[in-house]
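Note sheet for the following structure.
All chains are named by letter (A, B, ...) in the order of the sequence lines, taking the proteins before the strands, and each is independently numbered beginning at 1.
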There are 2 protein chains.
Amino acid sequence: MAIPRAAQTQRRTRIQEEKEERILEAALDVFSANGFRGSTIDQIAEAAGMSKPNLLYYFRTKDAMHRQLIDRVLSTWLEPLRALDAEGNPEAEIRSYIRRKLEMARDFPRESRLFANEVLQGAPHIEDELKGPLKELVDEKAEVIRSWTRTGKIAKCDPYHLIFSIWSTTQHYADFDVQVRAVLGQAYAGEGRFEDAARFLEQLFMGGLLPR
Amino acid sequence: MAIPRAAQTQRRTRIQEEKEERILEAALDVFSANGFRGSTIDQIAEAAGMSKPNLLYYFRTKDAMHRQLIDRVLSTWLEPLRALDAEGNPEAEIRSYIRRKLEMARDFPRESRLFANEVLQGAPHIEDELKGPLKELVDEKAEVIRSWTRTGKIAKCDPYHLIFSIWSTTQHYADFDVQVRAVLGQAYAGEGRFEDAARFLEQLFMGGLLPR
DNA sequence: GTAAGCTTTTACCAACCGGTCAAATTATCT
DNA sequence: AGATAATTTGACCGGTTGGTAAAAGCTTAC
């Protein structure tokens with residue numbers, strides 16, 4: 001009798017870890033491509049190579065899978081911002097923040113789309129995370145940036161909108177990938193577009209568009 | 001016998017125009033908030049204040065509603081880019097393009113989210129529009145921008161990524177509205193954030209972040 | 001007014017979806 | 001090897017979903 005669900009047992013077996021990993025991997029695929037409501041348990045089960053009831057043995061509900069996925073991904077997702085160092089050189093810190101965010105869009109597009117889907121549809125499952133941990137982190141780093149503007153190391157500007165603009169420009173290459181590919185056409189189908197984007201964004205944020 | 005569906009008749013009656021308008025308005029509400037798969041015909045019918053079969057009398061399928069909505073919205077959505085004038089002053093043209101895109105994010109957030117939902121999930125319904133009309137328009141305007149960089153009116157930069165960055169930064173305020181609100185908190189709950197954003201984006205695109 | 005066509009509603013269906021259950025199978029421990 | 005616990009499966013269920021059929025109600029042109 002399998003009273004103890006995987007998630008409840010104290011000691012997780014090797015099988016449990018493996019299967020949960022496979023499920024979350026498949027769930028990331030499906031949720032990021034179709035959104036929460038647009039995804040079905042059957043799709044995830046098939047992507048994970050197991051039957052639906054078997055999947056539901058490890059995660060009791062679709063919600064539970066989604067929640068765990070969000071929790072796991074959120075902390076790594078905010079890592080680049082967390083790494084913004086108040087003691088570092090302002091220009092280099094921002095430059096490297098942009099670079100790291102763009103690398104994440106390139107290397108973890110599914111994670112980006114998972115959040116984008118969620119936020120776009122009103123963030124029904126992660127409202128608390130947005131208003132809590134996310135806001136606190138952004139508030140803290142905004143204060144760091146503001147102190148840099150005060151010492152004249154970077155131009156006076158609204159730190160919140162600066163952060164928004166870095167998020168949006170970099171994540172655009174993950175979230176709107178099909179559009180970017182469609183517009184750039186076959187010529188830029190490779191990963192070269194990320195290098196071009198890196199060059200452009202560095203120029204934009206560092207120097208603006210006007211000739212100096 | 002109602003053989004001729006509304007959409008097929010040559011001459012559309014007043015009732016048809018009114019009802020189709022109400023339906024598309026409701027569909028925009030629902031599709032933009034929930035995505036295509038996440039929306040149900042019942043939701044749209046309720047939002048439009050009519051019964052589901054009645055709605056299906058005007059649009060035979062969910063797909064048909066969505067397609068017509070996309071078609072209708074796409075052309076107005078691209079209007080600001082179309083207005084980019086090769087003969088105008090480069091700096092002023094780009095400045096005004098950014099301003100108009102930001103105004104659209106403020107005044108037509110549902111339209112923005114409709115596209116965002118669609119593109120985010122792989123653009124299954126609008127692939128042709130992206131690779132056709134959209135690409136052609138962007139190609140044309142990218143050439144205009146490139147000519148401006150050649151005459152030194154604006155700094156040398158990749159025109160495609162410039163356009164992407166304008167799209168992403170402005171649409172961010174529509175597509176990720178809940179996140180923006182959550183991070184800014186109650187203080188900026190009003191529309192003041194759009195003015196702040198306008199100021200910031202003008203500064204970013206015109207002057208960059210480095211002190212001049 | 002009345003006939004013809006247009007619009008709306010009621011009842012309905014088959015497929016899908018999230019989730020359950022009990023039995024069968026497999027892994028683990030002694 | 002055998003007992004015990006963990007895992008997997010097939011059959012199933014109630015609710016939802018996209019869509020249909022047919023008849024009732026309403027407009028409009030003559």
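Atom CD in A:Glu18 sits roughly 15 Å away from atom C1' in D:dT8 (whole-Å rounding). Across the protein-nucleic acid pair, A:Phe31 atom CZ and C:dG18 atom C1' stand 12 Å apart, rounded to whole Å. Distance A:Met65 CE to C:dG18 P: 10 Å, rounded to the nearest Å. Rounded to an integer number of Å, the gap from B:Leu56 CG to D:dA22 P is 17 Å. Rounded to whole Å, the distance from CD on A:Gln43 to P on C:dC16 is 12 Å. Between the NE2 atom of B:His66 and the P atom of D:dG18 there is a distance of 13 Å, rounded to whole Å. Look at CE on B:Met50: it is 13 Å from C1' on C:dT9, rounded to the nearest Å. When rounded to the nearest whole Å, the span between NZ of B:Lys19 and C1' of C:dC6 equals 11 Å.
Across the interface with DNA chain D, nearest-nucleotide mapping of A:Leu55 and B:Lys52 shows A:Leu55 to be the residue nearer the 5′ end.
Ion pairing of B:Arg110 with B:Glu25 is present here, as a side-chain N (NZ or NE/NH1/NH2) and a carboxylate O approach within less than 4.0 Å. Residues A:Asp158 and B:Arg199 are not paired through a salt bridge, judged by the lack of any N-O separation under 4.0 Å between the basic side chain and the carboxylate.
The base of D:dG19 does not come close enough to the side chain of B:Lys62 for any donor and acceptor atom to sit less than 3.5 Å apart.
Taking 4.5 Å as the limit, some side-chain heavy atom of B:Glu111 sits within range of a side-chain heavy atom of B:Trp77. A:Phe108 is not listed as a side-chain neighbour of A:Arg113, based on a closest heavy-atom distance of 4.5 Å or more.
Each of D:dG19, C:dG18, D:dT8 was ranked by its minimum atom distance to the side chain of B:Thr61; first place goes to D:dG19. Between C:dG19, C:dT9, D:dG18, one nucleotide has an atom nearer to the side chain of B:Pro53 than all others, and that is C:dT9.
Using a 4.0 Å cut-off, no side-chain N or O of B:Asn54 falls inside it from OP1 or OP2 of C:dT7. Considering only side-chain N and O atoms, A:Ser51 lies nowhere under 4.0 angstrom from the phosphate OP1 or OP2 of D:dT8. Contact between the side-chain N/O atoms of A:Tyr57 and the OP1/OP2 oxygens of C:dT20 is not found at any separation under 4.0 Å. Contact check, B:Arg37 against C:dC16: no side-chain N or O comes under 4.0 Å of OP1 or OP2.
Remark: side-chain polar atoms of B:Gln43 are not paired, donor with acceptor, to backbone N or O of B:Val30 under 3.5 angstrom.
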